[in-house]
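Okay, here's the structure, questions in a sec.
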Protein chains: 2
Amino acid sequence: MEELLDTTGGKRGRITIHDVAAAAGISISTASKALNDTGRMGLETRERVKRIAAEIGYRPNALARGLLSKRSFTIGLLTNDTYGRFTLPVMAGISDALVDHGVSVFLCAIEEDPALAQIHVEAMLDKQVDGIIATGKRLDRRLPVDLSNLNVPVVYAFTEGAPGSVTFRSDDAQGARLAVEWLAKLGRKRMVHVTGPENFFSVRERADAYRRVAGEERPVLFGVWSESWGHEAVARLWSGGGERPNGIFCGNDQIARGVIDALRERGIRVPQDVSVVGFDNWEIVAAQTRPPLTTVDMELKELGRQAGLTVLALAEGRSVEPGIRKLPCRLVVRQSCGGDTLGI
Amino acid sequence: MEELLDTTGGKRGRITIHDVAAAAGISISTASKALNDTGRMGLETRERVKRIAAEIGYRPNALARGLLSKRSFTIGLLTNDTYGRFTLPVMAGISDALVDHGVSVFLCAIEEDPALAQIHVEAMLDKQVDGIIATGKRLDRRLPVDLSNLNVPVVYAFTEGAPGSVTFRSDDAQGARLAVEWLAKLGRKRMVHVTGPENFFSVRERADAYRRVAGEERPVLFGVWSESWGHEAVARLWSGGGERPNGIFCGNDQIARGVIDALRERGIRVPQDVSVVGFDNWEIVAAQTRPPLTTVDMELKELGRQAGLTVLALAEGRSVEPGIRKLPCRLVVRQSCGGDTLGI
DNA sequence: GTCAAGTGAGAAAAGGTTTTCTCAGCTATC
DNA sequence: GATAGCTGAGAAAACCTTTTCTCACTTGAC
């Protein structure tokens with residue numbers, strides 16, 4: 001009790017429970033039980049052991065603990081989203097949800113390389129991860145690796161899951177409805193939808209929802225995910241002799257940015273003449289657009305949080321209903337539609 | 001040898017070295033030595049054990065191995081770069097360098113929260129990481145946590161390190177020289193530098209290098225890291241009665257984007273009338289700018305790779321010279337300066 | 001035929017922790 | 001005063017590997 005404290009952490013290696021036991025003059029079994037609030041023991045002993053452990057800076061070795069408990073308090077996050085545009089919010093949500101439970105996250109970026117993916121999966125399994133979350137950049141694409149027969153739980157987030165698995169995704173239809181209803185509420189009835197390639201599942205889903213709310217006859221322009229397509233779409237809409245829209249719902253923020261820039265170049269005012277709404281709420285694009293973009297946020301952080309909690313539940317043996325869970329999107333009102341002073 | 005293979009991985013838990021030994025009719029010691037190419041043993045036995053291990057799908061438990069060897073083949077990456085703009089390339093480089101060595105990476109995003117940082121650091125230490133890499137978004141700011149007295153090696157990458165540590169950073173002065181020399185080579189002698197806040201170390205370093213090459217009298221406009229500052233800077237330059245520049249070196253790609261947009265709005269052609277060069281090579285901005293941006297790449301992936309190899313070396317007990325290592329930047333030529341058809 | 005050297009393989013310990021089992025001593029009950 | 005039940009605490013096993021030590025056996029040399 002009056003020993004010199006070795007603040008360097010001991011000459012060799014870390015402080016173990018043996019050191020705690022020795023310092024308290026008890027056995028390691030008793031020390032363990034005291035620290036974990038298990039077993040039978042005098043309250044006074046328990047407190048004393050805890051105090052001594054804290055004093056000498058004891059921290060249990062997670063490897064040893066994991067070896068016995070078969071829980072490593074570690075999960076793996078597998079992603080093929082190199083840019084991290086979708087992965088980072090998901091990661092943030094997972095981490096946020098799990099840090100309280102002492103769980104750390106291995107991040108593995110696998111590009112589209114099946115061999116690399118396999119290596120990472122094996123490394124994670126060797127390290128006894130409690131579970132794996134697979135995430136990506138497209139709802140309708142699989143990661144280039146088969147995770148269906150692993151003996152750890154797998155949860156899919158923002159990527160296509162295996163049959164019978166748990167999958168979290170954004171509710172793109174609902175997100176599109178939010179956008180369209182907002183435009184309608186602002187009186188923008190002459191709507192058009194400028195979006196990405198039709199072979200994307202989420203593009204079709206958003207377009208369908210848009211047509212259901214705005215009217216089946218309202219036009220949809222499919223293209224690519226770039227600013228320049230936004231420019232081109234505006235050129236097409238304004239050069240033809242057809243109806244000029246006063247509300248443009250874009251498939252992502254980059255297209256919206258292109259659309260707004262193109263409108264400005266034509267002297268068309270946003271939002272006075274035309275309202276524009278984007279999709280993704282990619283801060284760096286949405287906030288820098290002039291005017292700042294009203295856009296749909298997929299709440300990817302919340303999606304990550306739920307995926308994290310779910311994989312944890314599975315790891316703890318709790319059972320989880322399989323299936324696809326659609327999480328609601330949220331409309332972020334900035335200035336590209338007007339109405340931003342209304343409150344929502 | 002003719003046993004039924006249990007492809008499910010056994011009814012309970014994973015396949016261990018005991019299973020290999022049993023299947024081969026030998027002891028676990030012999031199995032271990034066979035698989036690790038250690039000890040003395042008949043070649044035939046060794047091969048047979050390896051074959052059987054592969055057949056039944058044995059993979060060693062990294063936890064058990066780590067407990068003994070005191071190496072977890074795991075490192076931690078600590079970052080306060082929420083957007084991940086700088087962290088992701090660094091992470092990719094680290095992962096790329098270490099995956100061959102069987103090392104996995106814990107990613108911990110700590111924002112600016114010292115308590116959160118502390119929790120993550122302790123979780124990593126509990127999990128016996130072999131080392132920690134600290135990274136951030138500013139060269140002249142510390143992470144909100146003290147890593148200097150840990151008993152694992154720490155390497156700093158793109159953030160300010162503790163005294164006596166190993167730190168990797170980009171050579172911003174050299175990067176600025178690349179940009180300025182390129183403008184000069186294209187005959188753009190009337191240069192101006194539009195950059196971020198002067199209290200950033202890298203801003204000062206780039207500005208100093210710019211002045212040394214372009215001439216001490218050449219103007220520098222300090223501002224903020226946004227597109228709108230680019231617009232404002234152009235307005236300032238073209239509204240006054242002063243000299244009109246024909247080469248603009250911007251402190252980052254967002255400012256460059258704003259500058260180019262502002263120039264176009266004034267009917268000034270890029271690159272015919274004015275050449276613009278950015279900094280960061282942030283694909284999403286640089287490639288979508290019209291025309292696409294010639295810019296300086298800080299080679300963060302390479303920086304990550306070297307940081308990874310260094311922390312690994314330290315973990316293996318090899319000694320590494322402390323100090324700051326500046327890694328060269330690279331000029332990425334697109335079309336915003338002209339000269340892109342020259343070759344470089 | 002004896003001895004030394006070499007070969008193949010197993011037993012056991014170690015790594016740090018948790019958990020189950022056992023045991024000695026005490027209190028309460030009749 | 002004996003016995004049942006309780007209390008506090010320790011011994012030992014278990015988790016999965018690796019490594020060191022030991023041992024039995026073979027071979028070659030004298």
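Letters A, B, ... mirror the listed sequences (proteins, then strands); counts begin at 1.
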| message | Does A:R169 qualify as a cation-pi partner of A:F158, given the criterion of NZ or CZ under 6.0 Å from the six-membered ring centre and within 45 degrees of its axis? | response |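 Geometry flag: not set, cation outside 6.0 Å or 45°.
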| task | Tell whether A:S29 reaches the base of D:dA9 with its side chain through a donor-acceptor pair below 3.5 angstrom. | result |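 Looking at the base of D:dA9, it does not pair with any donor or acceptor on the side chain of A:S29 (distance under 3.5 Å).
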| When the distance from CG of A:L125 to P of D:dC16 is rounded to whole Å, what number comes out? | 15 Å
| For A:T30 and D:dG10, is the shortest distance between a side-chain N/O and OP1 or OP2 below 4.0 Å? | yes
| message | If only side-chain N and O atoms count, and only distance matters, is there a donor-acceptor pair under 3.5 Å linking A:T74 with B:K127? | response |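 Looking only at side-chain atoms, A:T74 and B:K127 do not form any donor-acceptor pair under 3.5 Å.
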| Closer to the 5' end of DNA chain C via nearest nucleotide, is it A:R40 or A:I28? |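 In this pair, the answer is A:I28.
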| task | Nearest whole angstrom, please: distance from the P of C:dT22 to the CE of A:M41. | result | 19 Å
| said: If I take atom CG in residue A:L67 and atom P in nucleotide D:dA14, what distance separates them, rounded to the nearest angstrom? | reply: 14 Å
| A:R71 has an atom CZ; how far is it from atom P of D:dC15, in whole Å? |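 From A:R71 CZ to D:dC15 P: 18 Å.
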| field | Short side-chain N/O contact to C:dG16 OP1/OP2 from B:K70, under 4.0 Å | value | yes
| field | Test: B:R51 and B:E44 ion pair at under 4.0 Å | value |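 A salt bridge is absent here (no side-chain N lies under 4.0 Å from a carboxylate O).
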| task | Check whether any side-chain nitrogen or oxygen of A:S69 sits under 4.0 Å from OP1 or OP2 of C:dT18, and answer yes or no. | result | no
| message | Can you tell whether the side chains of A:R305 and A:E302 come within less than 4.0 Å, N to carboxylate O? | response |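 A:E302 and A:R305: salt-bridged.
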| message | Quick check: A:F106 with B:F106 (ring centres under 6.0 Å apart)? | response | yes
| query | Looking across every strand, which nucleic acid part, if any, lies under 4.0 Å from A:T16 by heavy atom: base, sugar-phosphate, or nothing? | reply |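 Sugar-phosphate only.
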| request: Let me know the distance between CD of A:E47 and P of D:dG8, rounded to the nearest Å. | output: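 These atoms are roughly 14 Å apart.
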| request: Check whether any side-chain nitrogen or oxygen of A:T45 sits under 4.0 Å from OP1 or OP2 of D:dA9, and answer yes or no. | output: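 Result: yes.
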| request: Starting at atom CD of B:E44, determine the distance to atom P of C:dG8, rounded to an integer number of angstrom. | output: 11 Å
| message | Under 4.0 Å from OP1 or OP2 of D:dT18: is there any side-chain N or O of B:N36 that close? | response |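 B:N36 to D:dT18 OP1/OP2: side-chain N or O found under 4.0 Å.
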| What about B:S27, does its side chain sit under 3.5 Å from the base of C:dA9 through a donor-acceptor pair? |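 Checked by distance alone, the answer is no.
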| task | Measure from CZ on A:R48 to C1' on D:dG8 and round the result to the nearest Å. | result | 13 Å
| task | Confirm from the modelled atom types if A:K33 and D:dG10 form a donor-acceptor pair under 3.5 Å, side chain to base only. | result | yes
| field | Gap between atoms CZ and C1', on A:R14 and C:dG15 respectively (whole Å) | value |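 Whole-Å distance recorded here is 13 Å.
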| request: Answer with base, sugar-phosphate or nothing: what part of the nucleic acid does A:R59 contact at a heavy-atom distance below 4.0 Å? | output: sugar-phosphate
